[in-house]
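Chain A is the first sequence line, chain B the second, and so forth, proteins listed ahead of strands; every chain is numbered from 1.
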Amino acid sequence: MRHHLVLRVVSKLLIPFILLFGLYVQFHGDFGPGGGFQAGVIFAAGFILYALIFGRENAVKVTPPRVLQALMAFGLLLYASVGVVGMINGGNFLNYSVLRADGVAGQHLGILLIELGVGITVAAVMIMVFLMFTGRGR
Amino acid sequence: METVLDIFSWIAIVGGGLFAMIGGLGVLRLPDLFSRMHGAGITDTLGAGLIILGLALQSGFTLITVKLILILVFLFVTSPTSSYALANAALSAGLRPLTAKKEDMSS
């Protein structure tokens with residue numbers, strides 16, 4: 001891939017915007033179309049594009065598998081712990097209304113944290129799947 | 001004013017749809033990969049460009065128009081790049097255009 005100048009230049013230009021769009025879909029998800037799963041996939045697509053153009057070795061330097069494993073677990077933990085905090089505050093599991101004194105504000109915070117957890121986990125898993133597939137036979 | 005805008009956006013959207021249809025017909029009917037890619041390229045530039053122009057005329061000076069123009073900019077950057085990558089992959093896999101000369105085959 002060293003000689004593909006066009007692909008290298010265009011992907012260098014586009015990867016920041018792909019990541020930015022992923023974050024937009026993530027944090028705009030409670031007002032418009034979007035959400036954690038889609039945002040995670042878009043975010044991971046940026047990293048996968050980087051790995052395709054600049055080689056797997058460089059991509060592993062950016063996202064080491066140890067960090068990815070930690071992020072997968074962290075996202076799920078965030079999701080589950082928001083539910084448990086709801087239980088501690090006296091509601092059901094994943095009841096957002098009791099997270100804050102104001103019920104609506106609590107629901108805002110709850111869905112934001114839940115979707116953040118989903119996004120982190122999905123992005124980490126997608127990148128990990130790609131790295132595993134491309135790393136076969138090495 | 002409204003009517004003029006409506007007429008222009010109708011023309012743009014219908015024209016874009018026509019170009020998209022011609023592109024689809026080209027992908028279906030042209031003989032080999034490289035000429036089919038040419039058909040698909042028309043859909044991306046003129047088809048999508050005219051449709052987005054028509055939609056922008058409908059939405060006026062709002063945030064939606066800014067987003068539509070951003071979509072257009074990214075389409076103009078990414079679609080030639082993907083065409084390039086596809087043609088390059090086909091060439092390095094050994095596929096040659098139908099009308100290629102004998103002396104070009106070796107390269």
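- Listed by sequence position, A:Leu14, A:Phe17, A:Tyr24 are the residues of residues 12-25 of chain A in contact with chain B, using a 4.5 angstrom heavy-atom cutoff.
- The cluster map of Ile, Leu, Val, Met, Phe, Trp and Tyr, joined by side-chain heavy atoms under 4.5 Å apart, puts A:Leu113 and A:Tyr79 in the same cluster.
- Applying the 6.0 Å contact sphere to CZ of B:Phe19 captures no more than 12 heavy atoms from other residues, nucleotides or ligands.
- Cluster membership for B:Ile13 and B:Ile52, using ILVMFWY side-chain heavy atoms within less than 4.5 angstrom, is shared.
- Residue A:Ile48 is grouped with residue A:Met128 when hydrophobic side chains (ILVMFWY) are merged at heavy-atom distances under 4.5 angstrom, including chains of intermediate members.
- Taking a 6.0 Å sphere around CZ of A:Phe74, one finds it holds 12 or fewer heavy atoms contributed by other residues, nucleotides or ligands.
- Annotation: residues 60-79 of chain B contacts chain A through B:Lys67, B:Phe74, B:Val77, B:Thr78 [non-hydrogen atoms, separation under 4.5 Å].
- Placement of A:Leu71 and A:Ile114 in two distinct hydrophobic clusters is found when ILVMFWY residues are connected by side-chain heavy-atom separations under 4.5 Å, directly or transitively.
- Transitive grouping of hydrophobic side chains (ILVMFWY, heavy atoms separated by less than 4.5 Å) brings B:Tyr84 and A:Val10 into a common cluster.
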